[in-house]
There are 2 protein chains.
Amino acid sequence: MSREAQFLTAIHSNGLRMTRQRQLILEVLEASQEHLDAEAIHDRVKARDPRIGLATVYRTLALLKAMGLVKEHSLGEEHGHFEMVQKVPHYHFTCIGCRQVIEFEASAVMEAVQSLIDREGVQVMDVHLSLTGYCSNCREERATNHEVKVEV
Amino acid sequence: MSREAQFLTAIHSNGLRMTRQRQLILEVLEASQEHLDAEAIHDRVKARDPRIGLATVYRTLALLKAMGLVKEHSLGEEHGHFEMVQKVPHYHFTCIGCRQVIEFEASAVMEAVQSLIDREGVQVMDVHLSLTGYCSNCREERATNHEVKVEV
DNA sequence: GCACCTATTGATAATAATTCTCATTATCAA
DNA sequence: TTGATAATGAGAATTATTATCAATAGGTGC
Ligand SMILES: [Mn+2]
Ligand SMILES: [Mn+2]
Ligand SMILES: [Zn+2]
Ligand SMILES: [Zn+2]
């Protein structure tokens, strides 16, 4: 079942309605390989329908998250970034210098999570691993102008 | 070297000054085994000096973070929680139902991080793993009143 | 297709967390 | 003790997100 069909099914089985806005927001998310924030999604959706409001973007993102179709990430900024859920889980490294995001897989993470589940009997709804630091480029740049000071 | 001495050294070597406020905030953090937010820290510090402002708490937390003495966590709420850095890294599971936090260790995580470092040549400054879900108690409660609907 | 019920929307106000501004105070090196 | 300036407190400002509410529009049944 396509994600679009999945969305439609989930919507109808909950007494909700499919709207042009929800359709467009899903399409924007599916078309992107990036980690968009609410503003960026709003911009792209407005290109196709200038009347769509930012609040609707937030509402739809919340809905898609609740349905398990979209994940929200903390990428070192003070606001969220969104992407469609992938078949195999992956995690993120964000460069503080150039803001690039490197995605990586690590089966060991879910294994560690499983052992917590076994030990504590918890039900895990969401797993979030994110790294910040400097990519190899920005790392070199910093090495030359070697900083010692604490920056606040 | 005690963390207090570490703090003092870092402060002086950066041309900064040790103040009563910074002292008190560090003491509050050291005395607590919990994951306090800025408000909670402010409350505790005010008990010892009612004149301390919330902005100073935020400023000092930023300083302690930059010095690597304190870590900020996302525990499923919209604001940060803070704790002193421990010798061995640990991670957090937060129950959506009762808000309890379960800490756990998982050496596999840092191993996965190391393999990313080896592969990409990045410099990792911060690692953040946090889980959300339902603890064994809240899990049972939910099982009885079995929900199917998506809640947004 | 038409009507009706009510979910959804857009606009904007409200909220929450955090940061900024700036006049005043306090640290600390000389 | 003094002077240079880092730090503070109070409150304004900013940013991200959520709530409010009147107007609109899905979708079900006729
Ligand atoms: Mn991703
Ligand atoms: Mn902890
Ligand atoms: Zn970079
Ligand atoms: Zn619980």
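Keep in mind that what you see is a predicted model, and the values were worked out from it rather than measured. Chain letters run A, B, ... following the sequence lines, proteins first and then strands; every chain starts at 1.
- When each of B:T56 and A:R17 is assigned the nucleotide of DNA chain D with its nearest heavy atom, B:T56 is the one assigned upstream, toward the 5' end.
- For the segment residues 18-29 of chain B, the set of residues with a heavy atom within less than 4.0 Å of an atom of DNA chain D comprises B:T19, B:Q21, B:R22, in numerical order.
- Between B:H92 and B:H73, the ring center distance clears the sub-6.0 Å criterion.
- Applying the side-chain hydrogen bond (donor to acceptor under 3.5 Å, both in side chains) criterion to A:Q6, with sequence neighbours excluded, gives no partner residue.
- No hydrogens or angles considered: a donor-acceptor pair under 3.5 Å links the side chains of A:D118 and A:Q114.
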Strictly under 3.5 Å: I want the nitrogen or oxygen pairs between protein and nucleotides 12-16 of chain D, one per line.
from, atom 1, to, atom 2, distance (Å)
D:dA16, OP1, A:E78, OE2, 3.4
D:dA16, OP1, A:H79, ND1, 3.0

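- With respect to the salt-bridge test (charged N to carboxylate O, under 4.0 angstrom), the residues A:K71 and A:E83 do not qualify.
- For A:H128 (side chain) and A:E72 (main-chain N/O), a donor-acceptor pair under 3.5 Å exists by modelled atom type.
- Heavy atoms from other residues, nucleotides or ligands lying under 6.0 Å from CD of A:Q33 number 12 at most.
- Following rounding to the nearest Å, A:L54 (CG) and D:dT17 (P) show an atom-to-atom distance of 9 Å.
- Between A:V45 and A:T56, every side-chain heavy-atom pair lies at or beyond the 4.5 Å cut-off.
- For A:A108 against B:A108, the heavy-atom pair with the smallest separation is CB-CB, 4.0 Å.
- Residues from residues 42-52 of chain A with heavy atoms under 4.0 angstrom of DNA chain C, sorted by number: A:R51, A:I52.
- Residues meeting the side-chain hydrogen bond (donor to acceptor under 3.5 Å, both in side chains) test with A:R20, sequence neighbours left out: A:D49.
- One can place CG of B:L61 at 15 Å from C1' of D:dA7, the figure rounded to the nearest angstrom.
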* For DNA chain C, what is the dot-bracket line, given that a base pair needs Watson-Crick (N1 to N3, plus N6-O4 or O6-N4) or G-U wobble (N1-O2 and O6-N3) geometry with both distances under 3.5 Å, and | means paired with another strand? -> ||||||||||||||||||||||||||||||
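- Residues A:V122 and B:F93 have side chains in contact (heavy-atom distance under 4.5 Å, counting atoms from C-beta outward).
- Partners of A:F7 by side-chain contact (heavy atoms from CB on, under 4.5 Å), not counting sequence neighbours, listed by chain and number: A:I11, A:M18, A:R22, A:L26, A:L63, A:L64, A:M67, A:L69.
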Hey, can you pull the donor-acceptor pairs under 3.5 Å for the side chains in residues 96-103 of chain A, sequence neighbours left out?
from, atom 1, to, atom 2, distance (Å)
A:R99, NH2, A:L75, O, 3.1
A:E103, OE2, A:H35, NE2, 2.8
A:E103, OE2, A:H90, NE2, 3.0

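- For the segment residues 1-9 of chain A, no residue has any heavy atom less than 4.0 angstrom from an atom of DNA chain C.
- Read 5' to 3', the first and last nucleotides of DNA chain C with an atom closer than 4.0 Å to a heavy atom of chain B are C:dA17 to C:dC28.
- Heavy-atom minimum distance, B:A112 versus B:S115: O-OG, 3.0 Å.
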* **B:D37 and B:H81: CA distance, side-chain angles, deciding distance, side chain to side chain donor-acceptor pair (under 3.5 Å) verdict** => CA-CA 4 Å; B:D37 58 25; B:H81 290 254; 4.6 Å; no
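- B:S32 meets the side-chain contact (heavy atoms from CB on, under 4.5 Å) test with B:E34, B:L36, B:R44; sequence neighbours excluded.
- Under the 4.5 Å side-chain criterion, counting only non-hydrogen atoms from C-beta, A:F104 is in contact with A:L131.
- When each of A:I11 and A:A55 is assigned the nucleotide of DNA chain C with its nearest heavy atom, A:I11 is the one assigned upstream, toward the 5' end.
- Computed from coordinates, the A:D37 CG to D:dT17 P distance equals 8 Å when rounded to whole Å.
- With a 4.5 Å cut-off on side-chain heavy atoms, A:V127 and B:L129 count as touching.
- Applying the side-chain contact (heavy atoms from CB on, under 4.5 Å) criterion to A:R139, with sequence neighbours excluded, gives A:Y134, B:Q123.
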